[in-house]
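Step one of this worksheet: look at the structure below.
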Amino acid sequence: MVLKLVDYLESTGGQCVAMVLREKNVPYELVSLDFAKGEHKTPAYLDKQPFGEVPYIDDDGFVLYESRAIARYIATKYANQGTKLIPTGLKEKAVFEQAVSTENANFDAFASALVTERHYKKLRGTQINEELAKSYENSLAAKLDVYDKILSNQKYLAGDEITLADLFHIPYGAKLFHADVGAGDLIDSRPHVKRWWNDITSRESWQAVKD
């Protein structure tokens with residue numbers, strides 16, 4: 001049975017999972033939800049994803065939600081095929097976990113908040129708090145200054161091999177360049193971050209799912 005990825009067109013989490021599936025050469029069936037019809041709030045859907053969010057996967061009856069958990073599951077289950085995305089050495093894996101925590105606490109926390117404030121609020125027609133958005137932008141800028149130092153000494157966030165930690169940055173990072181957000185210069189103005197960003201976003205896996 002082919003793995004099913006249940007997702008919504010605007011989902012950054014779904015893009016992340018789809019990237020990992022492609023990196024690991026895992027065939028999958030994309031099942032698209034209609035949020036306008038409330039398909040993510042039906043009893044049948046909530047039985048699979050109790051928070052009514054996306055994505056989740058159904059791997060021959062094994063249901064799993066939360067994109068980072070799904071990504072780890074796929075990378076572990078298919079460890080011997082495609083791109084190696086989780087190191088196996090004790091110290092290498094510790095550095096990988098450090099990089100994953102770095103993405104969650106120092107990038108996603110601010111990038112997702114900034115995108116929500118400027119882009120998703122506009123899509124929903126709700127009031128944008130520009131002062132709050134600017135504070136997120138300033139905080140992210142300070143974090144990316146540190147990224148630039150880290151990436152001046154290594155190719156990727158966990159060392160010289162790409163991992164899930166790098167891929168986790170892409171969906172929300174790409175939205176920084178959206179006209180509504182206008183924060184792409186945060187990446188482009190930092191040479192080592194820009195070099196890393198151009199590298200990871202040029203991968204076939206992202207090019208295939210970005211639109």
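- Annotation: the span from I128 atom CD1 to R118 atom CZ amounts to 8.5 Å, rounded to 0.5 Å.
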- Start with the C-alpha distance between T116 and Y136, add both sets of side-chain angles, then the distance that settles side chain to side chain contact (heavy atoms under 4.5 Å, CB included), and finish with yes or no. CA-CA 11 Å; T116 296; Y136 293 140; over 6 Å; no
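- No side-chain heavy atom of D58 sits less than 4.5 Å from a side-chain heavy atom of L3.
- In the model, D166 has a side-chain atom that pairs as donor or acceptor with a side-chain atom of W196 under 3.5 Å.
- L123 is not connected to F35 by any chain of hydrophobic side-chain contacts under 4.5 Å among Ile, Leu, Val, Met, Phe, Trp and Tyr, and they are in different clusters.
- Here the side chain of Q49 pairs a donor or acceptor atom with the backbone of G52 at under 3.5 angstrom.
- Across P27 and V2, no two heavy atoms sit closer than the pair O-CG1, 3.7 Å.
- The pair R68-E103 meets the salt-bridge criterion, with a side-chain N (NZ, NE, NH1 or NH2) lying under 4.0 Å from an Asp/Glu carboxylate O.
- Between the CG atom of L46 and the CD atom of E53 there is a distance of 10.5 Å, given to the nearest 0.5 Å.
- No salt bridge links K84 with E161; every basic N to acidic carboxylate O contact stays at or beyond 4.0 Å.
- Rounded to the nearest 0.5 angstrom, T42 OG1 and K37 NZ are separated by 12.5 Å.
- You'll find the side chain of H169 reaches within 4.5 Å of the side chain of L157, heavy atoms only.
- At a cut-off of 3.5 Å, with distance as the only test, no side-chain donor of Y78 or N25 sits close to an acceptor on the other residue.
- Residues V54 and V63 are members of one and the same hydrophobic cluster, defined by side-chain heavy-atom contacts under 4.5 angstrom among Ile, Leu, Val, Met, Phe, Trp and Tyr.
- The closest side-chain heavy-atom distance from D199 to K194 is not below 4.5 Å.
- Counting heavy atoms from C-beta outward, Y156 and L151 have side chains that stay 4.5 Å or more apart.
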- Item | Check against side chain to side chain contact (heavy atoms under 4.5 Å, CB included), L114 and F110 | CA-CA 6 Å; L114 176 58; F110 303 104; over 6 Å; no
- Could you walk me through whether Q207 and R203 pass the side chain to side chain contact (heavy atoms under 4.5 Å, CB included) check? CA-CA 6 Å; Q207 293 301 311; R203 298 183 71 82; over 6 Å; no
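- A pairwise comparison of heavy atoms in L164 and A75 identifies CD1-CB, 4.1 Å as the closest pair.
- Within 6.0 Å of CZ on F62 lie more than 12 heavy atoms contributed by other residues, nucleotides or ligands.
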- Under the side-chain hydrogen bond (donor to acceptor under 3.5 Å, both in side chains) criterion, do D34 and Y8 qualify, and how do the steps go? CA-CA 7 Å; D34 190 333; Y8 167 63; over 6 Å; no
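- Atoms CG and CD1, on L21 and I70 in that order, are 9.0 Å from each other to the nearest 0.5 Å.
- Looking only at distances, no side-chain donor or acceptor of Q98 sits under 3.5 Å from a matching main-chain atom of S101.
- Here the closest heavy-atom approach between residue A158 and residue V95 is recorded as O-CG1, 3.5 Å.
- Around atom NZ of K41, more than 12 heavy atoms belonging to other residues, nucleotides or ligands sit under 6.0 Å away.
- Checking side-chain atoms of R190 against main-chain N and O of L186 turns up a donor-acceptor pair under 3.5 Å.
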- Let me see the working for V20 and R72 under side chain to side chain contact (heavy atoms under 4.5 Å, CB included), right down to the final yes or no. CA-CA 9 Å; V20 175; R72 286 172 177 272; over 6 Å; no
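- With hydrogens and angles ignored, the 3.5 Å screen pairs no side-chain donor or acceptor of T83 with any backbone N or O of L85.
- Transitive grouping of hydrophobic side chains (ILVMFWY, heavy atoms separated by less than 4.5 Å) keeps V31 and V209 in distinct clusters.
- Between Y56 and L64 the shortest side-chain heavy-atom distance does not fall below 4.5 Å.
- Judged by distance alone, with hydrogens and angles left aside, the side-chain atoms of H178 form no donor-acceptor pair with the main-chain N or O of A174 at under 3.5 Å.
- Residues A113 and A109 come closest through the heavy atom pair CB-O, 3.5 Å.
- Atom-to-atom distance recorded for L5:CG and D59:CG is 11.5 Å, nearest 0.5 angstrom.
- Counting non-hydrogen atoms of other residues, nucleotides and ligands closer than 6.0 Å to CD of Q127 gives a total of 12 or fewer.
- Residues P55 and S11 share a closest heavy-atom pair of CD-OG, 4.2 Å.
- The shortest side-chain heavy-atom distance between L30 and V6 does not fall under the 4.5 Å cut-off.
- Put simply, V17 and L33 are part of two different groups of oily side chains (I, L, V, M, F, W, Y) that touch within less than 4.5 Å, one to the next.
- A donor-acceptor pair is defined here as one N or O able to donate and one able to accept, closer than 3.5 Å; such a pair exists between the side chain of T201 and the backbone of W197.
- Listed for the R195 side chain is a donor-acceptor partner under 3.5 Å among the backbone atoms of K155.
- Here the side chain of E117 pairs a donor or acceptor atom with the backbone of N129 at under 3.5 angstrom.
- With S205 as the partner, the side chain to side chain donor-acceptor pair (under 3.5 Å) test is satisfied by one option alone out of K24, E23, K210, R22: E23.
- Here T163 contributes atom OG1 and I200 contributes atom CD1; the two are 9.5 Å apart, rounded to the nearest 0.5 Å.
- Across all their heavy atoms, K48 and Y65 have their closest contact at O-CD2, 3.6 Å.
- Using a 30° and 60° split on the angle between ring planes, Y172 and Y120 fall in the perpendicular class, above 60°.
- The number of heavy-atom neighbours closer than 6.0 Å to CG of L90, taken from other residues, nucleotides and ligands shown, is 12 or below.
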- Quick one: do Y45 and H40 satisfy ring pair (Phe, Tyr, Trp, His ring centres under 6.0 Å)? Show the steps, please. CA-CA 6 Å; Y45 186 83; H40 60 306; 7.0 Å; no
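- D148 places a side-chain N or O within donor-acceptor distance of the main-chain N or O of V193, the cut-off being under 3.5 Å.
- Contact of the M19 side chain with the I170 side chain is registered, since non-hydrogen atoms from C-beta on lie closer than 4.5 Å.
- For the pair F107 and T102, the minimum side-chain heavy-atom distance is 4.5 Å or more.
- Between K122 and D180, at least one side-chain nitrogen of the basic residue sits less than 4.0 Å from a carboxylate oxygen of the acidic one, meeting the salt-bridge criterion.
- A donor atom on one side chain and an acceptor atom on the other are not found under 3.5 Å apart for N106 and Y147.
- Judged by distance alone, with hydrogens and angles left aside, the side-chain atoms of T76 form no donor-acceptor pair with the main-chain N or O of Y73 at under 3.5 Å.
- Atom NZ of K149 has 12 or fewer neighbouring heavy atoms from other residues, nucleotides or ligands inside a 6.0 Å radius.
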